[in-house]
Amino acid sequence: MPKIIVTSRYLRKGSKKNLKNYVKYIATREGVVQTFNERENYVGYLANRPNSHGLFNEKDEPINLEKVAKEIAYHGGNVWTHVVSLRRDDAQKMGYDNLKAWRDLVIRQIPNIAKNQKIDLKNLRWYAAFHDKKTNPHVHIIVYSTNVREGFLTNNGIEKIRSGFANDVYSDELHHIYAQQTDLRNLLKKESEQLMKNFAEKIYKNKHFDAELLNLVSKLHTQLAESKGKKVYGYLKSDVKKTVDEIFEKLAGNESIKKMYDLWCEMEQQKHDVYSSAKVQFPSLVDNKEFKSVKNMIVQTVMNIDFSLHEVEVEMPEPDLDIPLPIDEEAIDEITDNSAEINFQGKLYIKWSESYKEAHKLILNTDSKNADYKKAEKLLLAESNNVLALYDLGKLYSMEKSELKDKEKSFKLYEKALQGFIQIEPKSKKIKPYLQYQIGMMYFKGLGTPIDNKKAVEYFEKSAELGNQYAKRLLALEYIGGEKFEQDIEKGISLLTECVNGGDAFSCYKLGNLYLKGETINQDLDKAEKYLLSAEDNQFTQYALGKLYLQKEKYDIQKAVFYFEKSADKNMQSSYQLGRLYLFGADGLERKKEKAMEYLNLSAEQGNEYAQNILENQEKFENETLASTVFSLFVNLSRCIEDDYHNKFQLGRKMIDSKLRRMIQEKNQALGIKQEHGQTQEY
């Protein structure tokens, strides 16, 4: 049995009897320990409060069970329950064999529960009961918010709640484990540094890597150049995937990589020991899903090999934030609570049923090996008149990775879903803006209907008028870009400004960047600064702010460096700009070649072709290029293992020895970077 078990779930609205009974169950079942203030008041408490059956909260006052049961049963929002359980021997050893210890533990962890359930602490209400069971003492906790619209719990939130209790109960034991893990991480870092040093020495002395590995990298580079479509592992043809797999196998076979992976497994086992007594059977590095991103790292690294020198900056793709919104579960719950289902013409209805939700989650499962599409299909077919089920069936039959893919079926189901949304929309109330946005998106993307931008605009505008920021922003960007809708820049800027005033951070970035670039609208650096600063927490805004502070009218080199550094680990253009600034110097910034090399290497690893070509001699032999690529693959793989707890695909700055730095500097000079009259010039 694990040392500690923490389970979490929520009790749905509409089950008043079940909610009431659950409260009484945890308060009165055999083994429950009743709460009281002081020993001298115990007798009086028993005599005067016969209805108190063991519930407690943060207040030192008796609790009226019947009142609490009704309060929770008739609560308008969701109610969550958590159960925290210890083995009897651990409970006694750690001092959790009495009510006071458990009550103190729960009170300490309530702020952590509130944080991870996204509930403002002042709105959080909770009750708990301690069950002194012989085998496993445990506590039941009921949590809800006085604000019925507030609070949700994700798997990540559950894990953080579980960790909070484990860290609290086993603080001394975990402190020892963390000390051990620090030692293991130091060993990991040492192995990683030694690996890089050895490979850098190889490159410097022109000693090439394993010939088979070099040939595989060369083969993959050719295959990727000839491949069509997305250059992502999951979209590649089987023969290209096979080459990637073979490269991964060769990398994983390196003795240093093996040592690093063994250390990683040891750290994972130590973490697992807190929750389970079983030994984890770790797969090989190649088969470990925790490192599936390595395959895409291999593809990207090899794909970015380039022998030519380009001076064109390649912008990073921005996230697609204009995807169709899911129907709001809370809004549907509110409606279905008042009427079991909503029937309209043709008996189509919307219902966020349990079976639909289960199917929806199965479809959203991004791991195709575990995705049970046939089960999802069965669940959805059972609700053939539920418009949500029809929509998801259409999506299921359109998915590339689904073995059920059928374009004709998909179109017909989308078509029926669209008809259902259109029938329901006029009679809907709270979910009206969501339905209008969904209908507009189906016309916009041609789901179950030919693309009809005129109708899409009609529904987007209706949704926007009712306050849907997603619809408003989509309209704004389309009017400004003029790609699918008739261009109306003035109208687009007006809508985008409304989104900004409504607090939409992505709209702030978009509007600020438009004023910075001055392409579709007149450049206005003051406005650019204003809007960008109001949304400075993402890498794209940070890069734009860095560029802003390099402009003559706003020049502030320290601010520029500050924002580039904030996004350097994620944005290849930010790391590239830092490399250029430190390599060539700037007004108010000292030239630092070593630092420049670090940032240029980082940018090259992230896919910036120009940074890669600054670092390498344009006329170098192919084997030198391949050797450098293999070096990057080993470094990136070692970083994936070393930095797993922070970010499984964050490419850290390389620690390159002095010999490799000199080699890079020599190659840069061959590119035409030289000193003339005390100034750095680039050709």
Side-chain angles (χ1 to χ4, degrees), residues 6-27 35 52 54-84 102-130 139-165 167-168 326-338 352 357 429-431 433-434 467 469 502-505 537:
V6 181
T7 59
S8 304
R9 67 190 184 99
Y10 84 96
L11 303 174
R12 296 185 63 213
K13 294 179 290 183
S15 303
K16 298 179 177 60
K17 182 177 180 182
N18 292 338
L19 283 168
K20 188 173 180 180
N21 289 340
Y22 182 78
V23 175
K24 291 185 176 181
Y25 161 75
I26 70 166
T35 182
S52 181
L55 287 181
F56 64 82
N57 57 14
E58 74 280 5
K59 299 177 181 178
D60 290 324
E61 299 173 359
I63 295 173
N64 186 311
L65 175 59
E66 191 67 31
K67 180 180 178 182
V68 170
K70 288 182 179 179
E71 172 188 330
I72 292 173
Y74 289 92
H75 179 60
N78 285 329
V79 176
W80 289 267
T81 68
H82 306 282
V83 180
V84 184
W102 281 95
R103 183 173 183 269
D104 291 345
L105 172 66
V106 173
I107 290 173
R108 288 196 301 272
Q109 288 303 313
I110 284 299
N112 183 46
I113 291 174
K115 178 181 178 182
N116 287 293
Q117 291 197 204
K118 312 301 180 186
I119 296 175
D120 192 320
L121 191 57
K122 70 176 182 293
N123 296 335
L124 185 133
R125 298 292 181 270
W126 65 273
Y127 297 95
F130 168 46
V139 66
H140 290 260
I141 309 167
I142 299 177
V143 176
Y144 64 95
S145 173
T146 55
N147 181 351
V148 297
R149 301 176 63 86
E150 184 179 51
F152 63 90
L153 185 59
T154 64
N155 288 334
N156 184 50
I158 292 173
E159 180 60 32
K160 288 183 178 179
I161 290 172
R162 181 183 294 120
S163 296
F165 278 102
N167 291 340
D168 196 323
I327 299 298
D328 188 298
E329 179 177 354
E330 183 178 327
I332 289 180
D333 274 347
E334 181 175 308
I335 292 173
T336 55
D337 279 348
N338 296 327
W352 195 270
K357 285 193 286 186
K429 294 180 181 179
K430 187 171 182 180
I431 62 173
Y434 296 100
Q469 292 282 63
D504 183 41
D537 290 334

Can you measure from [atom1] ([X]) to [atom2] ([Y]) and round to the nearest 0.5 angstrom?
X	Y	atom1	atom2	answer
Lys160	Phe165	NZ	CZ	16.0 Å
Asn116	Thr154	CG	OG1	7.5 Å
His140	Thr7	NE2	OG1	8.5 Å
Leu121	Ser145	CG	OG	10.5 Å
Leu55	Lys67	CG	NZ	13.0 Å

Check: His75 side chain, Val148 main-chain N or O, donor-acceptor pair, under 3.5 Å: no

Main-chain N/O of Trp80 paired with Arg9 side-chain donor or acceptor, under 3.5 Å: no

No-hydrogen, no-angle side-chain donor-acceptor test under 3.5 Å, Gln109 and His82: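 Note: Gln109 and His82 side chains miss the donor-acceptor criterion.
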
Option passing side-chain contact (heavy atoms from CB on, under 4.5 Å) with Asn57 (candidates Val68, Ile141, Ile107, Ile63): Ile63

Where is the tightest heavy-atom contact between [X] and [Y], given as atom of each residue plus distance?
X	Y	value
Ser8	Leu153	CB-CD2, 4.0 Å
Tyr144	Ile119	C-CD1, 4.4 Å
Glu150	Asn123	OE1-ND2, 3.2 Å
Val139	Ala128	CG2-CB, 4.1 Å

Within the structure provided, determine whether [X] and [Y] are in side-chain contact (heavy-atom separation under 4.5 Å).
X	Y	answer
Ile110	Glu58	no
Asp60	Arg103	yes
Thr146	Arg125	yes
Ile161	Gln117	yes
Val106	Phe130	no
Val143	Ile113	yes

